Amino acid sequence: MELTRTDGTPLRVLVVDDEVNIAELISMALRYEGFDVSTAHTGAKAVASAKSFAPDAVVLDMMLPDFDGLEVLRRMRAGDPDVPVVFLTARDAVEDRVAGLTAGGDDYVTKPFSLEELVARLRGLMRRTGARRAESASVLTVGDLELDEDSHEVRRAGHEILLTATEFELLRFLMRNPKRVLSKAQILDRVWNYDFGGQANVVELYISYLRKKVDAGREPMIHTMRGAGYVLKPVS
């Protein structure tokens, strides 16, 4: 079944790349997969398109002629704080990838990439952001931590915690398996929905994000089991 909006219409993807041939190639592949696609070739047009097109996800090149992808993301998120983004980058540097994720991008692919890989990552991202939830809504509770799968609200000791779509899905996976050690491979398979090509450090990165938000100033609930993985436990 195709991923669709709640009203049954195709999910919308905004493709932003200053190389017209690449943008069109991606667009053709996404349309073939059933997505409604719009394209933009500059940062300014991307921001304007995001407002008029209201995409469910964005494929965003890091390098654009007017301003970079991080600035585009900041401007888009000002209007839609939750729009998920997959960055395209021609640079292999880990610092660039971390910068994109820290800025709120949910995933990235490095050029040259396969269209199959990009589509797979985009589909995984759509599932994580709940475009179509296959599971019934419920509230997960571990200790003083609560996660509402329907409203996507997270609270610890009554205080609201704001998470990105990927952080939310990672925490949900941990909370569905309390006191159980989960390996990086298990987390990658469940949360990212594809083989990350050995880039398991993305798990460490997102675990660190969660710790800063969930455990900051409190007794820690997220623990590292050296050589085994991660476990979420209520504070004893």
Side-chain angles (χ1 to χ4, degrees), residues 11-30 35-113 115 117-126 128-131 152 161-170 191-192 196 199 201-202 204-206 208-210 212-213 216:
L11 288 174
R12 298 175 182 174
V13 181
L14 174 61
V15 177
V16 185
D17 197 306
D18 63 323
E19 296 185 61
V20 177
N21 59 333
I22 292 180
E24 288 305 316
L25 197 62
I26 295 171
S27 298
M28 287 175 60
L30 293 178
F35 294 104
D36 185 4
V37 184
S38 181
T39 60
H41 307 302
T42 67
K45 289 182 180 178
V47 174
S49 295
K51 293 179 181 178
S52 60
F53 187 59
D56 297 292
V58 180
V59 177
L60 178 59
D61 189 18
M62 285 284 284
M63 301 298 293
L64 296 168
D66 45 359
F67 41 84
D68 66 21
L70 297 181
E71 178 61 24
V72 174
L73 177 62
R74 282 190 286 270
R75 298 188 187 192
M76 284 184 178
R77 286 271 167 86
D80 183 354
D82 300 318
V83 62
V85 172
V86 177
F87 275 125
L88 303 177
T89 174
R91 297 176 293 184
D92 254 341
V94 173
E95 293 79 8
D96 292 330
R97 300 180 181 189
V98 172
L101 292 170
T102 304
D106 299 283
D107 206 345
Y108 58 84
V109 293
T110 302
K111 295 179 179 178
F113 55 87
L115 290 172
E117 178 188 21
L118 178 59
V119 171
R121 294 193 184 197
L122 194 57
R123 284 185 173 278
L125 183 57
M126 292 291 195
R128 298 204 298 277
T129 54
H152 278 216
I161 299 171
L162 300 177
L163 302 178
T164 66
T166 303
E167 290 167 352
F168 179 87
E169 191 60 31
L170 175 56
V191 178
W192 277 266
F196 209 71
Q199 298 290 337
N201 59 330
V202 75
E204 297 174 15
L205 185 65
Y206 271 89
S208 72
Y209 290 168
L210 273 186
K212 290 175 183 176
K213 295 184 178 182

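Model, not experiment: these values are computed from the prediction.
Here the CG atom belonging to Leu170 is positioned 9.5 Å from the CG atom belonging to Leu163, to the nearest 0.5 angstrom. Once rounded to the nearest 0.5 Å, the distance linking CD1 of Ile161 with CG of Leu210 reads 9.0 Å. In this structure, the separation between CG on Leu11 and CG on Leu30 is 11.0 Å, given to the nearest 0.5 Å. To the nearest 0.5 Å, atoms OG (Ser49) and NE2 (His41) are separated by 9.5 Å.
With a 4.5 Å cut-off on side-chain heavy atoms, Val191 and Tyr206 do not count as touching. With a 4.5 Å cut-off on side-chain heavy atoms, Thr166 and Tyr209 do not count as touching.
At least one test fails for Arg12 against the ring of Phe35: distance under 6.0 Å to the centre or angle within 45° of the axis.
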Ignoring hydrogens and angles, write down the donor-acceptor pairs under 3.5 Å from the side chains of residues 57-72, residues two or more places apart or on other chains.
{"residue": "Asp66", "atom": "OD1", "partner": "Gly43", "partner atom": "N", "Å": "2.8"}
{"residue": "Asp66", "atom": "OD2", "partner": "Gly43", "partner atom": "N", "Å": "3.2"}
{"residue": "Asp66", "atom": "OD2", "partner": "Ala44", "partner atom": "N", "Å": "2.9"}
{"residue": "Asp68", "atom": "OD1", "partner": "Leu70", "partner atom": "N", "Å": "3.2"}
{"residue": "Asp68", "atom": "OD1", "partner": "Glu71", "partner atom": "N", "Å": "2.9"}
{"residue": "Glu71", "atom": "OE1", "partner": "Arg74", "partner atom": "NE", "Å": "3.2"}
{"residue": "Glu71", "atom": "OE1", "partner": "Arg74", "partner atom": "NH2", "Å": "3.1"}
{"residue": "Glu71", "atom": "OE2", "partner": "Arg75", "partner atom": "NE", "Å": "2.8"}
{"residue": "Glu71", "atom": "OE2", "partner": "Arg75", "partner atom": "NH2", "Å": "3.4"}

Requested in this report: Decide yes or no on side chain to side chain contact (heavy atoms under 4.5 Å, CB included) for Val86 and Leu125, but give the supporting numbers first.
Outcome: CA-CA 8 Å; Val86 177; Leu125 183 57; 3.5 Å; yes
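Partners of Ser27 under the side chain to side chain contact (heavy atoms under 4.5 Å, CB included) rule, at least two apart in sequence or in another chain, are Val15, Arg31, Val37, Thr39. For Lys51, the side-chain hydrogen bond (donor to acceptor under 3.5 Å, both in side chains) criterion is met by no residue, not counting sequence neighbours. Qualifying side chain to side chain contact (heavy atoms under 4.5 Å, CB included) partners for Leu115, counting only residues two or more places apart in sequence or in other chains: Leu25, Ile26, Ala29, Phe113. In this structure, the salt bridge (charged side-chain N to carboxylate O under 4.0 Å, His left out) partners of Lys213, at least two apart in sequence or on a different chain, are Glu167.
Ionic pairing of Asp17 and Lys111 is present here: one or more N-O contacts between side-chain nitrogen and carboxylate oxygen are shorter than 4.0 angstrom.
For Leu73 against Phe87, the heavy-atom pair with the smallest separation is CD2-CZ, 3.8 Å. In terms of heavy atoms, Ala50 sits closest to Met76 at CB-CG, 3.9 Å.
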